[in-house]
2 protein chains.
Amino acid sequence: MKISPAKTNPSAAPVSRKQRELAQRETLILDAAQNILHQHGYATLTMERVAEAVEYSKGTIYNHFSSKEDLICSLCCRSINNLIEIFTRAVRYEGSSRERFSAIGIGYSLHHQINPMAAQIVQIIKINSVREKISPEKLGEMESLEQRITSIAMSVVQDAIGCGDLPLETRAITDSIVFGCWSMHYGALLLEQSDIPLKSLGFSPAVELLWLNTQKFLDGYNWLPLSSASGHETMFRKLSADLYEDEINTLNNKNKKS
Amino acid sequence: MKISPAKTNPSAAPVSRKQRELAQRETLILDAAQNILHQHGYATLTMERVAEAVEYSKGTIYNHFSSKEDLICSLCCRSINNLIEIFTRAVRYEGSSRERFSAIGIGYSLHHQINPMAAQIVQIIKINSVREKISPEKLGEMESLEQRITSIAMSVVQDAIGCGDLPLETRAITDSIVFGCWSMHYGALLLEQSDIPLKSLGFSPAVELLWLNTQKFLDGYNWLPLSSASGHETMFRKLSADLYEDEINTLNNKNKKS
DNA sequence: GACACTTTATGACGCAGCGTCATATTATGA
DNA sequence: TCATAATATGACGCTGCGTCATAAAGTGTC
């Protein structure tokens with residue numbers, strides 16, 4: 001049983017009604033899966049349940065996704081696409097290179113606070129034995145998205161080097177700065193998501209620490225303008241207000257409800 | 001079916017022959033599980049297979065571990081215990097506070113390079129739906145180990161503040177430094193372990209980046225003595241040679257084989 | 001060593017969830 | 001209207017977890 005190409009990124013290719021219907025249903029399925037994930041957790045995400053939610057049979061779901069892992073990978077791609085939009089917004093911000101880079105971090109953090117399951121999914125997708133079950137095409141798609149999002153982050157670092165905000169050392173540092181921030185954010189959000197009792201281990205809220213640490217990290221690289229303790233808060237609030245009004249509202253509503 | 005307390009940490013309590021035999025078998029089971037994990041990956045780790053490997057029946061395995069997740073959690077505890085030994089070694093090192101703290105990072109990194117599966121296990125254990133299946137006692141045990149290892153790292157930061165190597169700011173920073181390093185290391189090693197093609201995304205080897213970034217991070221906090229590009233390498237080699245000879249040999253042998 | 005009784009080991013069984021495939025249903029087009 | 005192709009369905013096979021009635025081994029007493 002084969003089915004249309006079903007591109008996540010609808011290229012400019014002409015699409016027939018069939019293809020549109022198919023793409024639509026694919027979205028429907030993904031929405032349903034996301035819902036189940038958010039409302040009842042990963043353990044209850046079964047293909048049967050997804051099928052039931054969209055009122056199609058299991059077989060039909062399998063026409064769209066070659067395995068459960070494949071479906072999850074698609075959710076992951078969605079998430080990265082979402083992040084790409086956020087990153088792009090941050091990069092276009094009118095501010096110093098450091099502000100723009102920091103804004104990326106805030107966006108990343110907000111995205112994961114709004115979609116707590118995203119972190120779990122990303123985490124699950126990274127487990128090798130899970131990866132093995134994903135179709136090569138979908139893995140390729142995810143990889144190319146990762147490529148795109150990485151290059152967005154790297155471009156800001158390049159800008160900073162270009163305009164002298166970052167002292168140019170002999171060694172290439174673009175990758176190390178991006179990797180440092182990525183790993184720090186990734187690690188911090190995973191640690192927060194998992195129900196490790198950080199608080200009882202003596203830690204302040206992860207999101208706060210993450211912001212502070214990112215600034216210290218950039219200070220370590222002498223990324224101008226250097227931060228000051230008082231400047232931190234101001235900058236954080238400014239960037240949040242200027243770039244992420246919607247996200248912050250969403251987050252507040254979410255917290256209110258629970 | 002109940003069975004003896006089976007403490008992982010053999011407290012000074014008098015142990016009967018029975019209890020000793022039981023503890024021994026528990027070790028046997030854990031060894032077998034670890035083996036399967038290392039040789040054939042997570043996907044093939046089934047309770048049946050473990051039972052077969054130790055030549056006991058499945059039921060007997062379940063006398064020791066209430067679920068598969070419980071068993072994995074025990075492996076995780078082992079891993080943390082291993083890390084505690086490494087951290088302790090680092091803390092006792094005769095050197096500056098910064099060297100000792102950095103040494104912790106190196107040890108953490110080495111441990112995960114030697115036991116690639118450790119990262120995967122830790123990752124798996126952090127997924128909520130997995131956690132739910134672990135007995136509260138074992139989770140408590142793990143938590144207390146996490147408590148211990150955290151406090152070891154924190155103690156070095158405290159020392160540094162005490163002796164003036166770290167400028168004392170108004171805000172408590174002990175937790176933020178430890179959390180920053182933890183998240184950076186955790187994130188970096190997870191990213192490396194997962195088969196994300198970091199190289200093709202334009203990144204240098206994760207372990208190198210991790211070391212550089214850790215130093216930049218500590219520089220950002222003004223942890224004396226500040227690092228210099230040339231000093232990095234020297235310090236790294238010195239610490240590795242002085243503290244982790246065994247680990248490095250193990251690692252080299254491992255790489256030679258493959 | 002025989003017996004009663006307790007403790008421990010066993011693997012067949014029930015169950016859940018993934019993925020398949022023969023069959024049923026619907027769409028297309030001549 | 002009918003033939004043929006495309007798609008949907010859900011019963012089925014399979015794997016792996018965890019249970020529990022039963023078997024086996026151990027322990028203590030005479």
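Reminder, nothing fancy here: chain letters follow the sequence lines and each chain counts from 1.
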- Item | Ser57(A), nearest nucleotide to its side chain (from dA9(C), dC17(D), dT9(D)) | dT9(D)
- Item | Phosphate OP1/OP2 of dA9(C): any Arg25(B) side-chain N/O under 4.0 Å | yes
- Task: Give me the ring orientation class for His185(A) and Tyr108(A): parallel if the planes are under 30° apart, tilted from 30 to 60°, perpendicular past 60°.
- Result: perpendicular
- Message: Give me each pair satisfying salt bridge (charged side-chain N to carboxylate O under 4.0 Å, His left out) with a member in residues 29-38 of chain A, each pair once, sequence neighbours excluded.
- Response: Asp31(A)-Arg78(A)
- Task: Please report, rounded to the nearest Å, how far the C1' atom of dT20(C) is from the CG atom of Asp70(A).
- Result: 16 Å
- Query: In residues 41-48 of chain B, which residues come under 4.0 Å of DNA chain D by heavy atom?
  - Reply: Leu45(B), Thr46(B), Met47(B), Glu48(B)
- Query: When you check the gap from the basic side-chain N to the acidic O, do Arg89(B) and Glu247(B) get nearer than 4.0 Å?
  - Reply: yes
- Under 4.0 Å protein heavy-atom contact, by nucleotide of nucleotides 20-25 of chain D - B base, S sugar-phosphate only: ------
- Rounded to the nearest Å, what distance is computed from the CZ atom of residue Phe65(B) to the P atom of nucleotide dA9(C)? 13 Å
- Item | Whole-Å gap separating C1' (dG16(D)) and CD1 (Ile36(B)) | 14 Å
- Query: Of the candidate nucleotides dG18(D), dG10(D), dG19(C), which contains the atom at the shortest distance from the side chain of Lys68(A)?
  - Reply: dG19(C)
- Task: Evaluate the ring planes of Trp182(A) and Phe179(A), with Trp represented by its six-membered ring, and classify them as parallel (under 30°), tilted (30 to 60°) or perpendicular (over 60°).
- Result: perpendicular
- Rounded to the nearest 0.5 Å, the OG atom of Ser144(B) sits from the CG atom of Leu139(B) at a distance of 11.5 Å
- Flag, side chain of Arg49(A) to backbone of Ile36(A), donor-acceptor distance under 3.5 Å: no
- Query: Between Leu28(A) (CG) and dA8(D) (P), how many Å, whole number?
  - Reply: 13 Å
- Task: Report the distance from atom OH of Tyr62(A) to atom C1' of dA11(D), rounded to the nearest whole Å.
- Result: 15 Å
- Query: Atom CD1 of Ile61(A) to atom C1' of dA8(D): distance rounded to whole Å?
  - Reply: 11 Å
Identify all side-chain donor-acceptor contacts of residues 113-125 of chain A below 3.5 Å with residues at least two apart in sequence or on another chain.
from, atom 1, to, atom 2, distance (Å)
Gln113(A), OE1, Ser109(A), OG, 3.4
Asn115(A), ND2, His111(A), O, 3.1
Asn115(A), ND2, His111(A), NE2, 3.3
Gln120(A), NE2, Asn128(B), OD1, 2.1
Gln123(A), NE2, Gln123(B), O, 3.1

- Note on the structure: Rounded to the nearest 0.5 angstrom, the CZ-CG distance for Phe65(A) and Leu75(A) is 7.5 Å
- Query: So what does Ser66(B) touch, heavy atoms closer than 4.0 Å: a base, only the sugar-phosphate, or nothing?
  - Reply: nothing
- Message: Considering every strand and a 4.0 Å limit on heavy-atom distances, what is the contact class for Glu69(B): base, sugar-phosphate, or nothing?
- Response: sugar-phosphate
Would you tabulate the pairs of protein nitrogen or oxygen atoms and nucleotide nitrogen or oxygen atoms of nucleotides 24-28 of chain C closer than 3.5 angstrom?
from, atom 1, to, atom 2, distance (Å)
dT28(C), OP1, Arg17(A), NH2, 3.0

- Query: Does the side chain of Tyr56(B) get closer than 4.0 angstrom to OP1 or OP2 of dA9(C) through an N or O atom?
  - Reply: no
- Which nucleotide in the list dT9(D), dG19(C), dA12(C) gets nearest to the side chain of Thr60(A)? dT9(D)
- Query: Taking CD from Glu52(B) and C1' from dT10(C), how many angstroms apart are they, rounded to a whole number?
  - Reply: 15 Å
- Task: Measure from the side-chain N and O atoms of Asp70(B) to the backbone N and O of Ser135(B), and report whether any donor-acceptor pair falls under 3.5 Å.
- Result: yes
- In whole angstroms, the gap separating P of dT8(C) from CD of Glu21(B) amounts to 11 Å
- Quick note, salt bridge (charged side-chain N to carboxylate O under 4.0 Å, His left out) partners involving residues 182-192 of chain B, not counting sequence neighbours, are none
- Message: Is it the case that the side chain of Arg148(A) and the backbone of Ile84(A) share a donor-acceptor pair, with hydrogens and angles ignored and the cut-off at 3.5 Å?
- Response: no
- Query: Within the distance-only criterion (no hydrogens, no angle test), does the side chain of Asn213(B) pair as donor or acceptor with the backbone N or O of Ser176(A) below 3.5 angstrom?
  - Reply: yes
- Considering only heavy side-chain atoms of Lys58(A), the closest of dA8(D), dG18(D), dC18(C) is dC18(C)
